[in-house]
Amino acid sequence: MNGDRQRDDSSTSHEPSPARLATRLDDLESRIAYQEHWLDTLDQAVATQERRLVQLERLNALMQQKLREQQRALQETDTTTPRPEDEVPPHY
């Protein structure tokens, strides 16, 4: 009797029942749908980050330009405005 049971188990393991195949197919379809959902979600997140990155790069370039302008203006005022040590005392 035990030998018969082993033969039945081995024959079913090679040829799954239609119900088992349908269950496995449903499971795979469910997994694919879940993965597609997450891929769409990740794609949206990457697109949002790309837009934000472009915006931050523009802002960074603008800030660098303004900083350079301020440094130039500061240097120009330093060269045109006499410093206390450069001034001639009034008694000369």
Side-chain angles (χ1 to χ4, degrees):
M1 189 179 251
N2 217 1
D4 292 343
R5 184 169 190 173
Q6 285 178 344
R7 267 187 257 144
D8 289 341
D9 288 343
S10 65
S11 65
T12 56
S13 67
H14 293 288
E15 297 176 20
S17 68
R20 174 116 170 96
L21 286 175
T23 301
R24 289 182 67 196
L25 183 60
D26 288 343
D27 289 345
L28 289 173
E29 288 174 343
S30 176
R31 284 174 136 177
I32 290 172
Y34 181 76
Q35 289 175 353
E36 286 177 347
H37 168 73
W38 275 108
L39 283 175
D40 289 342
T41 302
L42 290 172
D43 187 46
Q44 290 173 359
V46 168
T48 301
Q49 288 178 350
E50 178 67 24
R51 286 190 299 272
R52 182 71 177 139
L53 180 61
V54 168
Q55 182 184 22
L56 290 172
E57 286 173 340
R58 286 183 194 149
L59 182 61
N60 185 33
L62 179 64
M63 292 179 77
Q64 286 178 354
Q65 179 184 356
K66 287 195 179 284
L67 184 60
R68 280 192 295 271
E69 290 171 2
Q70 288 179 350
Q71 286 174 337
R72 262 189 249 120
L74 185 61
Q75 287 174 351
E76 288 173 4
T77 58
D78 280 351
T79 57
T80 58
T81 307
R83 296 178 294 180
E85 60 267 12
D86 294 336
E87 290 185 20
V88 177
H91 63 278
Y92 279 125

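All residue numbers in this chain count up from 1 along the given sequence.
- Every side chain to side chain contact (heavy atoms under 4.5 Å, CB included) that Val54 has, sequence neighbours left out, goes to Glu50, Arg58.
- Note that the CG atom of Leu39 and the CD atom of Gln44 stand 11.5 Å from one another [nearest 0.5 Å].
- Residues forming a side chain to side chain donor-acceptor pair (under 3.5 Å) with Gln75 (at least two apart in sequence, or on another chain): none.
- Looking at residues two or more places apart in sequence or on another chain, you find no side chain to side chain donor-acceptor pair (under 3.5 Å) involving Thr41.
- Gln35 CD to Asp40 CG: the interatomic distance, rounded to the nearest 0.5 Å, is 12.0 Å.
- Not counting sequence neighbours, the partners of Gln55 by the side chain to side chain donor-acceptor pair (under 3.5 Å) test are Arg52.
- In the hydrophobic clustering, Met63 connects to Leu59, either directly or through intervening members, whenever side-chain heavy atoms lie under 4.5 Å apart.
- Other residues sharing a hydrophobic cluster with Leu62 under the 4.5 Å side-chain heavy-atom criterion for ILVMFWY residues do not exist; the residue is a singleton.
- When all heavy atoms of Thr77 and Leu74 are compared, the closest pair comes out as OG1-O, 2.8 Å.
- Applying the side chain to side chain donor-acceptor pair (under 3.5 Å) definition to pairs two or more places apart or across chains, none involves residues 21-33.
- For Gln64, the side chain to side chain contact (heavy atoms under 4.5 Å, CB included) test picks out Asn60, Arg68, with sequence neighbours left out.
- Trp38 belongs to a hydrophobic cluster whose remaining members, ordered by chain and number, are Tyr34; membership requires side-chain heavy atoms of ILVMFWY residues under 4.5 Å apart, directly or through intermediates.
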